[in-house]
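Below you'll find the structure, written out as structure tokens, and then a few comments.
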Protein chains: 2
Amino acid sequence: MTKSEANEFRSVCERAGVAVTHQRQVIYETLRAMHGHPSPEEIYERVKARIPSVSLATVYKNIHLFIESSVFSEVSLHHGSLRVETNAKPHYHLVCTSCKSITDIDAAELGFASKERKLRGGFLAQRYSVDVLGLCVNCQK
Amino acid sequence: MTKSEANEFRSVCERAGVAVTHQRQVIYETLRAMHGHPSPEEIYERVKARIPSVSLATVYKNIHLFIESSVFSEVSLHHGSLRVETNAKPHYHLVCTSCKSITDIDAAELGFASKERKLRGGFLAQRYSVDVLGLCVNCQK
DNA sequence: CTAGGTGCAAAGTATTTGCAACGCT
DNA sequence: AGCGTTGCAAATACTTTGCACCTAG
């Protein structure tokens with residue numbers, strides 16, 4: 001690790017108001033170095049290469065800590081359990097990051113057209129799923 | 001249930017190539033009547049009010065059947081396990097509905113500006129999470 | 001009749017928690 | 001020294017599966 005990376009990590013911990021531990025630092029560096037959307041298990045495997053005694057629970061605890069402190073984010077905000085979409089009309093979601101509530105909003109109202117089209121790279125876009133993350137009226141207080 | 005609802009359900013089963021069973025019908029009607037984004041457990045509770053002997057496993061099996069047949073959809077496509085976003089730049093996801101792969105795409109390239117703003121209803125939009133659902137190059141074959 | 005559907009219980013995966021020992025600050 | 005952090009194991013939450021019985025077609 002370079003000196004600037006170490007300083008960066010220290011200020012991350014300071015902002016979050018948590019201790020600078022070796023495990024936390026290695027988990028942080030590991031996440032920084034990984035690409036894509038790793039699962040806790042994948043992160044755990046990598047961290048274990050540097051700290052064989054680390055536990056999966058510690059990886060979970062620190063991932064949550066980083067997410068709460070906005071150091072990293074989650075790919076999906078509602079991954080806890082399967083949820084069925086009962087609203088048949090095209091719409092998107094207003095997701096409150098504080099109270100986790102999900103409200104529907106009309107596609108038109110958000111001003112995002114969702115037509116089928118081919119994107120660069122050849123991906124055929126058919127449907128769009130938009131989550132607007134922010135604060136609901138109650139949580140803005 | 002009205003006659004047209006019954007017919008609607010029959011054609012749903014026909015398209016999906018599955019049998020018309022009492023449990024399946026009640027689960028379908030229950031979903032139609034529910035608002036928001038119910039969990040399997042919530043759906044199960046409602047169905048149990050009409051069929052006390054129904055099992056949670058049957059509810060799960062039928063929810064999946066409906067989702068596979070595009071009769072209903074999932075709120076989130078990657079809810080199986082926690083995934084950490086390691087890409088710090090603003091970007092969105094190309095999600096292939098066939099092979100479930102997730103690729104990043106620059107926010108700019110999709111032409112969707114993500115600035116903080118207040119929406120009707122008072123929701124403070126801070127960040128956008130856009131999933132583009134479709135078929136990747138390989139799965140279009 | 002018979003292939004698919006159901007209910008039950010057990011298994012499987014993902015995640016969290018209690019607690020004693022440990023290490024930052 | 002004191003409190004947050006760690007590792008372990010056990011607990012919990014969510015979902016799937018195997019199997020015997022049942023039912024629609």
Side-chain angles (χ1 to χ4, degrees), chain A residues 6-7 9-30 37-45 47-69 71-72 74-84 100, chain B residues 6-7 9-30 37-45 47-69 71-72 74-84 100:
Chain A
N7 288 336
F9 175 68
R10 290 195 162 268
S11 70
V12 159
C13 290
E14 202 171 320
R15 256 179 283 137
V18 299
V20 175
T21 67
H22 185 219
Q23 286 85 339
R24 187 162 290 158
Q25 182 156 345
V26 172
I27 292 167
Y28 175 82
E29 289 167 22
T30 301
H37 314 98
S39 65
E41 200 74 40
E42 285 163 354
I43 296 159
Y44 171 59
E45 286 308 322
V47 171
K48 212 156 65 166
R50 288 179 57 188
I51 312 177
S53 64
V54 80
S55 77
L56 183 54
T58 297
V59 172
Y60 268 102
K61 284 168 190 164
N62 281 293
I63 290 173
H64 285 136
L65 189 147
F66 288 140
I67 289 170
E68 278 159 34
S69 314
V71 178
F72 289 96
E74 297 183 63
V75 172
S76 170
L77 286 149
H78 22 232
H79 70 272
S81 102
L82 174 62
R83 295 302 177 121
V84 180
K100 310 289 176 193
Chain B
N7 288 337
F9 176 68
R10 289 197 162 268
S11 70
V12 159
C13 289
E14 203 172 317
R15 255 179 283 138
V18 299
V20 175
T21 67
H22 185 219
Q23 287 84 338
R24 187 162 291 159
Q25 183 156 344
V26 171
I27 292 167
Y28 176 81
E29 288 168 23
T30 301
H37 316 97
S39 66
E41 200 75 38
E42 285 163 355
I43 297 159
Y44 171 59
E45 286 308 322
V47 171
K48 211 157 65 167
R50 288 179 58 186
I51 312 176
S53 65
V54 80
S55 76
L56 183 55
T58 297
V59 171
Y60 268 102
K61 284 167 189 164
N62 281 292
I63 290 172
H64 285 137
L65 189 147
F66 288 140
I67 289 170
E68 278 159 33
S69 314
V71 178
F72 289 96
E74 297 184 62
V75 172
S76 170
L77 286 147
H78 23 234
H79 72 272
S81 103
L82 173 62
R83 295 303 176 120
V84 180
K100 310 289 177 193

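The analysis underlying the following values was restricted to heavy atoms, covering all of them including side chains, and did not include hydrogens, waters or symmetry mates. A, B, ... follow the sequence lines: proteins, then strands. Residue 1 opens every chain.
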Any side-chain heavy atom of A:Val54 within less than 4.5 Å of one from A:Val26?
no
So does B:Arg24 get a side-chain nitrogen or oxygen closer than 4.0 Å to the phosphate oxygens (OP1/OP2) of C:dG4?
no
Results of side chain to side chain contact (heavy atoms under 4.5 Å, CB included) for B:Glu41 - residues two or more places apart only
B:Ser39, B:Tyr44, B:Glu45, B:Leu56
Strand contacts (DNA chain D) in residues 54-64 of chain A, 4.0 angstrom heavy-atom criterion:
A:Val54, A:Ser55, A:Ala57, A:Thr58, A:Lys61, A:Asn62
Any protein N or O atoms within reach of nucleotides 20-25 of chain C? Criterion: under 3.5 Å, listing atom names and distances.
| unit_1 | atom_1 | unit_2 | atom_2 | d |
| --- | --- | --- | --- | --- |
| C:dT25 | OP1 | A:Val20 | N | 3.0 |

In terms of ring plane angle, is the pair B:Phe66 and B:Phe9 parallel, tilted or perpendicular, where the classes change at 30° and 60°?
perpendicular
For A:Leu65 and C:dT16, give me the distance from atom CG to atom P, rounded to whole Å.
13 Å
Within this structure, what is the CD-to-P distance between A:Glu68 and D:dT5, rounded to whole angstrom?
11 Å
OG of A:Ser76 to NE2 of A:His37, rounded to nearest 0.5 Å, is 11.5 Å
Within this structure, what is the CD1-CG distance for the pair B:Ile63 and A:Leu82, rounded to the nearest 0.5 Å?
5.5 Å
OP1 or OP2 of D:dG7 less than 4.0 angstrom from a side-chain nitrogen or oxygen of A:Gln23, does that happen here?
yes
Atom CD1 of A:Ile67 and atom P of C:dT15: how far apart are they, to the nearest Å?
10 Å
What is the distance, rounded to the nearest whole Å, between atom NZ of B:Lys48 and atom C1' of C:dC8?
13 Å
Contact class for B:Ser53 (heavy atom, under 4.0 Å): base, sugar-phosphate, or nothing?
sugar-phosphate
Nearest-Å distance, CD (B:Glu74) to C1' (D:dC14)?
14 Å
The criterion is side chain to side chain donor-acceptor pair (under 3.5 Å); which residues satisfy it with B:Ser55, sequence neighbours excluded?
B:Thr58
For A:Glu74, enumerate each residue passing the side chain to side chain donor-acceptor pair (under 3.5 Å) test, keeping only those at least two apart in sequence or located in another chain.
A:His79
The criterion is salt bridge (Lys or Arg N to Asp or Glu O under 4.0 Å); which residues satisfy it with A:Arg15, sequence neighbours excluded?
none
Between C1' of C:dA14 and CD of A:Glu42, the distance in whole Å
14 Å
How many whole angstroms separate atom CD of B:Glu41 from atom C1' of D:dT12?
13 Å
Of all residues at least two apart in sequence or in a different chain, which pass the salt bridge (Lys or Arg N to Asp or Glu O under 4.0 Å) check with B:Arg50?
B:Glu29
With sequence neighbours excluded, residues passing side chain to side chain donor-acceptor pair (under 3.5 Å) with B:Thr30
none
Axis-to-axis angle between the two ends of the helix from C:dC1-D:dG25 to C:dT25-D:dA1 (five base pairs per end, rounded to 10 degrees)
40°
Considering only residues two or more places apart or on different chains, which pairs with a residue in residues 59-69 of chain A satisfy side chain to side chain donor-acceptor pair (under 3.5 Å)?
A:Arg24-A:Asn62
